[in-house]
Amino acid sequence: MPALCGSLSLAPSGGIGAYQGMRMSSAFAVPALFLLAACGPTEAPASGGSAIASSGGLTSGCASRAYTEIGGPISLIDDTGARVTEETYKGQPTVIYFGFTYCPDVCPAALSTLGAAYRRLPEGETAPQTLLISVDPERDTPEALATYVTTPAFPAGLTGLTGSPEEIRATADAFKADYARIEQPESLAEYTMDHTNLIYVMDEDWQLKTFFTHEDTPETISACLAELF
C-alpha cells in the first residue's frame, strides 16, 4: 500500500478529539498500532511521541503481531441486509478492514493490495473471508456496499458490513480503531471520513492473529497468511 498521511494512535469511543488529551497517559498499556489515514485533505495530528509499530510489529515476524486487547463481538448488517455477528464468521480466518465507499484513495489501495495478495497465495491455499466494515453508515447502505465490494481489484467474495452509528462505533472500539467525519462543503460529496488504516487478521476463533499496515505489500501479506494458515 502507498505511504499515507496520518498518525499512529489508539482510539477511545469519544473520537479523535477526545483522545488527544489522553494519548500520552501511562494508562494505555496496549502498544500504539493504528494509522489514522486522512482520506481527505485534512492532515492528521502528530503522533505525540507514541511508540510506532512497523509492518513487522513491535517484534519481528508476522506471527508476533497478535494482541488480546484487540477485537471483540460485532452485531452489524451485511450487504444482503442480513444481521451478522462474530459467530457468523467463526470457523475460518477472517480479514477485516474499516473503510467507506466514498473513500477516494486509501480504501481502494488497501483493498486492492489485499486482492493482489490473495492472488499470490500458494496453490491450494484458501484466501480468508474478508469484511469491509463501513465507518460511514449514513451513506453506506447494504445496497451501496453490495455494489462497491464487486470492484474487480478487490478480494473475491468481499463482504460489506454496516449498521447504526452506535453499532459501528461499538465495533470500532472493540478493534481499537477510530474515525471522524470531516466536513467538505466545497465538495459534491459534502464530507469525507478520516479513519484507522489497518488490516486485521482474525483466526478461526475470532482472535487477532496479526495485522498489516500501509507498509505491507501483496508479497509480505501473502507470505504471512501462508505462514499463519
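Just so it is clear, the structure is predicted and the values come from calculations on it, not from any experiment. We use all heavy atoms of the structure for the numbers below, so side chains are in, but hydrogens, waters and symmetry mates are not.
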- Please assess Leu131 against Leu76 for the test side chain to side chain contact (heavy atoms under 4.5 Å, CB included), listing each intermediate value before the final yes or no. CA-CA 11 Å; Leu131 308 178; Leu76 298 170; over 6 Å; no
- Leu111/Thr151 under side chain to side chain contact (heavy atoms under 4.5 Å, CB included): CA gap, chis, key distance, verdict: CA-CA 10 Å; Leu111 293 170; Thr151 301; over 6 Å; no
- Evaluation steps, side chain to side chain contact (heavy atoms under 4.5 Å, CB included), between Glu138 and Arg181: CA-CA 11 Å; Glu138 180 176 331; Arg181 175 169 167 153; 2.9 Å; yes
- Item | salt bridge (Lys or Arg N to Asp or Glu O under 4.0 Å) partners of Glu204, counting only residues at least two apart | none
- Rounded distance [0.5 Å steps], CZ in Arg139 versus CE in Met193: 8.0 Å
- Mark yes or no for whether Thr196, through its side chain, and Leu198, through its backbone, hold a donor-acceptor pair below 3.5 Å. no
- Pair Val135-Arg169, side chain to side chain contact (heavy atoms under 4.5 Å, CB included): steps then yes or no: CA-CA 8 Å; Val135 297; Arg169 179 61 70 182; over 6 Å; no
- Task: Give, for atom CZ of Arg65 and atom OG1 of Thr213, the distance between the pair rounded to the nearest 0.5 Å.
- Result: 7.5 Å
- Task: Just do the ring pair (Phe, Tyr, Trp, His ring centres under 6.0 Å) check on Phe154 and Tyr148 with the steps written out, would you?
- Result: CA-CA 9 Å; Phe154 293 174; Tyr148 185 75; 5.2 Å; yes
- Item | Value rounded to 0.5 Å, distance of CG in Leu158 from CG in Leu145 | 9.0 Å
- Message: To the closest 0.5 Å, what do you measure between CD (Glu69) and NZ (Lys176)?
- Response: 7.0 Å
- Query: Do Ile77 and Val84 share a hydrophobic cluster (ILVMFWY, side-chain heavy atoms under 4.5 Å, transitive)?
  - Reply: no
- Task: Would you check if there is a donor-acceptor pair between the side chains of Thr159 and Asp78 at a distance under 3.5 Å?
- Result: no
- Task: Using the test ring-ring contact (aromatic ring centres under 6.0 Å, His included), find all partners of Phe98 that sit at least two apart in sequence or belong to another chain.
- Result: Phe175, Tyr200
Could you give the side-chain donor-acceptor pairs of residues 117-125 under 3.5 Å, partners two or more places apart or in another chain?
unit_1, atom_1, unit_2, atom_2, d
Tyr118, OH, Thr130, OG1, 2.8
Arg119, NH1, Gly115, O, 3.4
Arg120, NE, Glu219, OE2, 3.2
Arg120, NH1, Ala116, O, 3.2

- Hey, does the side chain of Thr162 reach the backbone of Asp140 with a donor-acceptor pair shorter than 3.5 angstrom? yes
- Output for pair (Ile199 CD1, Leu114 CG), nearest 0.5 Å, gives 4.0 Å
- Message: For a 4.5 angstrom cut-off between non-hydrogen side-chain atoms, does Thr126 reach Phe229?
- Response: no
- To the nearest 0.5 Å, how far apart are OH in Tyr97 and SG in Cys103? 6.0 Å
- Message: Using a 3.5 Å distance criterion without hydrogens, assess whether the side chain of Ser134 forms a donor-acceptor pair with backbone atoms of Asp136.
- Response: yes
- Task: Using the rule that two of Ile, Leu, Val, Met, Phe, Trp, Tyr join whenever any of their side-chain heavy atoms come within less than 4.5 Å, decide whether Ile168 and Ile96 are in one cluster.
- Result: yes
- Kindly say whether Gln207 contributes a backbone atom to a donor-acceptor pair with the side chain of Asp205 at under 3.5 angstrom? no
- Query: If only atom types and distance count, is the side chain of Thr220 paired as donor or acceptor with the main-chain N or O of Thr217 below 3.5 Å?
  - Reply: yes
- Item | Min side-chain heavy-atom separation Phe212-Val201 under 4.5 Å | yes
- Taking a hydrophobic cluster as the set of Ile, Leu, Val, Met, Phe, Trp and Tyr residues connected by side-chain heavy atoms closer than 4.5 Å, whether directly or through intermediates, do Tyr102 and Ile133 fall within one such cluster? yes
- Task: Look only at the side chain of Gln129 and the backbone of Thr94, and say whether a donor-acceptor pair between them is shorter than 3.5 Å.
- Result: no
- Thinking salt bridges, do Lys90 and Asp203 make one under a 4.0 Å N-O criterion? no
